[in-house]
There are 2 protein chains.
Amino acid sequence: MQERKSLDSLFQLVHALKRQLHNRIEQLNLDIAPMHVRVLKIINKKVPCTAIDIANFLNRDKAQVTRLLNTLIAQELIVKEPNPEDKRSQCLRLTEKSQMIMGEISKIDKQIYAQMTQGLNEQDLEHFEVVAELMAKNLST
Amino acid sequence: MQERKSLDSLFQLVHALKRQLHNRIEQLNLDIAPMHVRVLKIINKKVPCTAIDIANFLNRDKAQVTRLLNTLIAQELIVKEPNPEDKRSQCLRLTEKSQMIMGEISKIDKQIYAQMTQGLNEQDLEHFEVVAELMAKNLST
DNA sequence: TAATGTAGTTGATAATGTCAACTATAGTCT
DNA sequence: AGACTATAGTTGACATTATCAACTACATTA
């Protein structure tokens with residue numbers, strides 16, 4: 001029953017994490033969902049960033065990404081700019097509004113991370129992350 | 001950026017895991033989703049088992065559990081029996097049909113687990129699980 | 001230039017998750 | 001016993017996340 005237990009704890013962890021993030025994001029009164037926040041983070045980090053970059057990073061369908069981006073554009077959190085290298089594609093950029101929001105989100109991330117990692121030292125976390133990454137890689141190939 | 005990276009690898013791992021499970025379950029032609037399988041596993045493991053037990057274990061809304069159970073009943077994978085200790089409640093039990101299916105599911109679990117844990121030793125896995133459990137606990141309190 | 005590939009959109013639909021209101025039974029308190 | 005509160009489960013409504021297929025427009029390759 002070793003494997004069963006491990007998968008369950010993993011599912012429960014991520015479920016708890018998503019709920020925390022969802023609750024905290026709700027408090028910002030942004031009217032966007034956790035996936036929108038993840039998209040904002042990616043656009044913030046990767047410059048330049050296109051829709052395909054996001055789909056690849058999140059390993060999600062392009063259709064989902066298009067819809068997430070539409071919401072963000074409607075709320076003036078991102079803008080699309082022509083991609084000089086490819087007329088099919090657009091570069092995504094945060095607006096001033098969302099740049100300010102990213103600060104809040106970063107705080108929330110830090111708080112949740114601190115809460116989640118209580119009682120764990122740097123070495124534990126390092127090891128955990130390495131294992132998680134390897135597992136994800138094992139599954140995706 | 002330490003915290004960001006860690007959360008992302010976790011999300012990606014679970015996403016990849018869910019996809020693998022989904023694909024494999026699909027191959028069984030059961031016409032049920034991963035959550036249904038998780039419910040079957042819980043009923044299989046915990047005897048007696050009621051709807052509330054499932055909701056508590058999965059940390060999900062009772063409404064969702066009711067609907068998952070309805071599908072399973074419609075497909076004759078589980079039956080409800082009166083709970084002798086509480087007339088509001090029913091005990092859930094696997095049918096012969098689903099007991100056979102559990103064998104297949106167990107095989108799939110083992111295969112996916114083996115794939116996911118390639119290159120990791122028992123100690124790595126033990127540590128990973130302990131950390132995941134502690135994190136989940138930290139978040140839920 | 002024809003064929004093939006890629007970026008992104010749209011429609012349809014499945015899977016997952018949450019909230020609130022409700023029924024019926026259980027337990028508690030006096 | 002009767003009133004009050006709590007719990008098990010159901011139902012309706014809805015939000016979020018995810019996937020597939022078909023499509024347009026542009027890019028790349030042969």
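Quick note on labels: first sequence line is chain A, next is B, and so on, each numbered from 1.
Heavy atoms of other residues, nucleotides or ligands lying less than 6.0 angstrom from CG of A/D31 number 12 at most.
Looking at heavy-atom distances under 4.0 Å, A/H15 makes contact with sugar-phosphate atoms alone, never a base. Within the 4.0 angstrom heavy-atom criterion, only backbone atoms of the sugar-phosphate kind lie near A/K80; the bases stay farther away. At a threshold of 4.0 angstrom between heavy atoms, the contacts of B/K87 are confined to the sugar-phosphate backbone, with no base atom among them. At a threshold of 4.0 angstrom between heavy atoms, the contacts of A/A63 include nucleobase atoms, whether or not backbone atoms are also involved. Using a 4.0 Å heavy-atom criterion, one finds that A/T66 contacts the bases of the nucleic acid, with or without backbone contacts as well.
Taking 4.0 Å as the cutoff to heavy atoms of chain A, we find the contact window on DNA chain C bounded by C/dG5 to C/dT18.
Atom C1' of nucleotide D/dC14 and atom CG of B/D61 are separated by 12 Å, given to the nearest angstrom. The CG-P distance, from A/L21 to D/dT17, rounds to 11 Å in whole Å. Rounded to whole angstrom, the span from the CE atom of A/M35 across to the C1' atom of D/dA15 amounts to 15 Å. Atoms CZ (A/R38) and C1' (D/dT16) sit 14 Å apart, rounded to a whole Å. One can place CD of B/Q64 at 15 Å from P of D/dG9, the figure rounded to the nearest angstrom. Between the P atom of D/dC14 and the CD atom of A/E26 lies a distance of 17 Å, rounded to the nearest Å. Atom-to-atom, NZ of B/K62 to P of D/dT11 comes out at 13 Å; the value is rounded to the nearest Å. Between B/L68 atom CG and D/dT11 atom C1' the separation is 15 Å, expressed in whole Å.
Nearest-nucleotide assignment on DNA chain C puts the 5′-proximal partner with A/N83, out of A/N23 and A/N83. Nearest-nucleotide assignment on DNA chain D puts the 5′-proximal partner with A/R60, out of A/E85 and A/R60. The residue among A/D86 and A/R19 whose nearest nucleotide of DNA chain C is located toward the 5' end is A/D86.
Side chain of B/Q20 to main chain of A/L139: a donor-acceptor pair is present (N/O by atom type, distance under 3.5 Å, no hydrogens or angles).
In the set D/dA8, D/dC20, D/dT11, D/dC20 carries the atom at the smallest distance from any side-chain atom of A/R67.
Here B/K41 pairs with B/D109 in a salt bridge; the nearest charged N to carboxylate O distance falls below 4.0 Å.
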Donor-acceptor pairs under 3.5 angstrom involving side-chain atoms of residues 61-68 of chain A: please list them, not counting sequence neighbours.
residue	atom	partner	partner atom	Å
A/D61	OD1	A/A63	N	2.7
A/T66	OG1	A/K62	O	3.2

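A parallel orientation is assigned to the rings of A/F128 and B/F128, their planes being inclined by less than 30° (bins at 30° and 60°).
No chain of hydrophobic side-chain contacts below 4.5 Å, direct or via other Ile, Leu, Val, Met, Phe, Trp or Tyr residues, connects A/I73 to A/V79.
The structure places CG of A/L58 at 4.5 Å from CE of A/M35, a figure rounded to the nearest 0.5 Å.
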